[in-house]
There are 2 protein chains.
Amino acid sequence: MINKEEFRKKIIESAREIFSRYGFKKTTMDEIASSLKIGKSSIYYYYESKVEIFEAVVLHEANILRNELTTAIKSVESPTDKMRNYVFVRMKAFEKLSNYYNAIFDKSLSHFDFIETIRVKYDREEMAILRLIFYDGARKNVFNVANSEYTAMAVQTTLKGLEVPLFWKKKEVNIEERLDAILDVLFNGILKK
Amino acid sequence: MINKEEFRKKIIESAREIFSRYGFKKTTMDEIASSLKIGKSSIYYYYESKVEIFEAVVLHEANILRNELTTAIKSVESPTDKMRNYVFVRMKAFEKLSNYYNAIFDKSLSHFDFIETIRVKYDREEMAILRLIFYDGARKNVFNVANSEYTAMAVQTTLKGLEVPLFWKKKEVNIEERLDAILDVLFNGILKK
DNA sequence: CGAATTATCGACCAATCCATTCGAAATTTG
DNA sequence: CAAATTTCGAATGGATTGGTCGATAATTCG
């Protein structure tokens with residue numbers, strides 16, 4: 001019916017739902033298996049270990065995020081709209097992603113260096129995107145930035161700071177409602193009049 | 001600073017968040033404890049067991065639901081609006097509550113007869129409320145019900161049927177979007193022109 | 001103060017859970 | 001049919017976790 005590679009993808013899709021809901025530790029191989037209607041031991045025919053599946057899931061998730069971000073930017077023209085869309089999608093995504101982290105930073109994270117690798121890679125990609133937006137914004141005279149590299153760095157740092165409350169989940173943060181306030185902070189001193 | 005009874009409540013509040021997120025089985029005493037910044041063994045000074053805490057949480061949750069439902073009904077005048085509000089709050093609540101069930105119907109549910117007790121009690125309360133709404137609706141000539149008792153029973157059965165997809169979580173159900181369709185089903189043959 | 005009471009905790013235990021292995025059976029392929 | 005692919009049940013061993021207990025800390029109160 002379906003070849004091995006296809007079924008590997010199916011496993012990732014199912015595992016994604018469960019991992020994103022319960023995190024790494026609380027997710028069991030039994031759950032993943034039964035969500036696919038196969039026996040637990042069958043999974044090991046497709047993947048070597050739970051960690052391997054988790055890595056594949058996180059990678060998948062990262063790719064989805066990258067796509068969402070690029071389309072969010074492409075869908076509008078003006079630099080301010082691009083920023084607005086970018087920030088919105090990013091915060092929304094992080095809200096979801098924080099579930100994964102949640103369960104990782106429990107203990108024994110030594111296995112999860114690969115997440116840091118992905119993270120670093122994405123920071124770089126994000127920098128490139130932000131730099132471009134600000135460069136474009138300066139050229140079009142809507143942003144007041146002398147150095148787009150520097151501004152991009154500052155904004156990225158601010159964004160990371162905004163992630164913290166999401167990460168620690170003191171409280172649900174309603175992104176929709178807070179977006180304008182967040183953009184106010186980000187645009188502080190950048191937006192021309 | 002705070003007396004024993006107060007702290008018991010605090011425990012329930014904390015445990016509520018965790019149980020509602022992870023269900024009974026996936027929630028650990030360690031988590032409950034550390035969310036309160038106390039040691040695991042200290043919890044046993046306030047409660048005898050995990051099950052006892054869980055029961056208190058479910059009871060608490062049930063009370064909250066009852067309050068929400070009664071205020072939802074009181075807040076409007078017309079019988080159709082009352083139904084709309086009632087159904088909305090009920091479905092919303094069940095969506096959340098299903099997390100608890102989720103983890104219970106795993107196995108060894110013998111301990112959880114008390115949930116059935118609560119359930120039965122609430123079915124009765126619900127029937128009383130529905131009967132009243134329909135009786136009032138018939139009197140005000142907006143509903144076409146000959147026997148409000150019978151209609152209430154039928155509606156309750158339908159509502160229970162609608163819970164099923166929420167319970168089994170094949171997919172997220174967007175209550176906001178589906179509400180009108182649900183009400184259409186419920187009002188079928190009841191609403192006067 | 002000092003003793004009684006209240007509250008917290010670390011260390012420990014037994015039961016269960018759970019990721020993983022393995023060999024055998026089932027199923028598909030050719 | 002035989003070979004290759006796929007599924008699975010049973011077993012295991014190490015980690016997890018609900019719960020106990022006795023030892024202290026902290027608080028109360030005469």
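Quick caveat, the model's predicted, so the values are computed rather than measured. In what follows, chains carry the letters A, B, and so on, assigned in the order in which the sequence lines appear, proteins first and then strands, with residues in each chain numbered from 1.
- In the set C/dT21, D/dG19, C/dA19, the nucleotide with an atom closest to the side chain of B/Tyr44 is D/dG19.
- Between A/Phe24 and A/Phe19, the two ring planes are parallel [angle under 30°; tilted spans 30° to 60°].
- If you check distances only, the side chain of B/Ser49 never reaches the base of D/dG19 with a donor-acceptor pair under 3.5 Å.
- For D/dT16, the OP1/OP2 oxygens have no side-chain nitrogen or oxygen of B/Lys26 closer than 4.0 Å.
- A/Arg8 CZ: more than 12 foreign heavy atoms inside a 6.0 Å radius.
- The side chain of B/Ser41 sits closest to D/dC21 out of C/dC22, C/dC18, D/dC21.
- In summary, the side chains of B/Arg21 and A/Tyr22 do not present any donor paired with an acceptor at a separation below 3.5 Å, with no hydrogens or angles considered.
- Atom CZ of A/Phe54 is separated from atom P of C/dA19 by 13 Å (rounded to the nearest Å).
- Among the candidates A/Lys26, A/Lys25, A/Glu31, the single residue satisfying the side-chain contact (heavy atoms from CB on, under 4.5 Å) test with A/Thr28 is A/Glu31.
- Between the side chain of B/Lys40 and the base of D/dG19, a donor-acceptor pair under 3.5 Å is found.
- Taking the six-membered ring for Trp and thresholds of 30 and 60 degrees, A/Phe143 and A/Phe134 have ring planes inclined between 30 and 60 degrees apart.
- Counting to the nearest Å, the C1' atom of D/dG19 and the NZ atom of B/Lys50 are 12 Å from each other.
- Atom CG in A/Asp30 sits about 14 Å away from atom C1' in C/dT16, given to the nearest Å.
- Here A/Tyr45 does not reach the OP1 or OP2 of D/dT7: none of its side-chain N or O atoms lies under 4.0 Å away.
- Note: CD1 (A/Ile43) to C1' (D/dT6) measures 14 Å, nearest angstrom.
- Distance, B/Arg8 CZ to C/dA7 P: 12 Å, rounded to whole Å.
- Between the CD1 atom of A/Ile32 and the C1' atom of C/dC18 there is a distance of 12 Å, given to the nearest Å.
- For the residue pair B/Tyr135/B/Glu149, the side-chain donor-acceptor check at 3.5 Å is not satisfied.
- The side chain of B/Tyr46 places an N or O atom within less than 4.0 Å of a non-bridging phosphate oxygen (OP1 or OP2) of C/dT8.
- Here D/dC8 is the nucleotide among D/dG18, C/dA7, D/dC8 with the atom lying nearest to any side-chain atom of A/Ile38.
- For the pair A/Phe7 CZ and D/dT6 P, the computed distance is 11 Å after rounding to whole Å.
- If you measure from atom OH of B/Tyr47 to atom P of D/dG18, you get 17 Å, rounded to the nearest angstrom.
- Among the duplex regions that DNA chain D forms, those built from at least three successive Watson-Crick or G-U pairs under 3.5 Å are C:1-30 with D:1-30, ordered by first number.
- Judged by the 6.0 Å and 45° rule, A/Lys9 forms no cation-pi pair with A/Tyr46.
- Phosphate proximity of D/dC8 to A/Ser42: present, with a side-chain N or O under 4.0 Å from OP1 or OP2.
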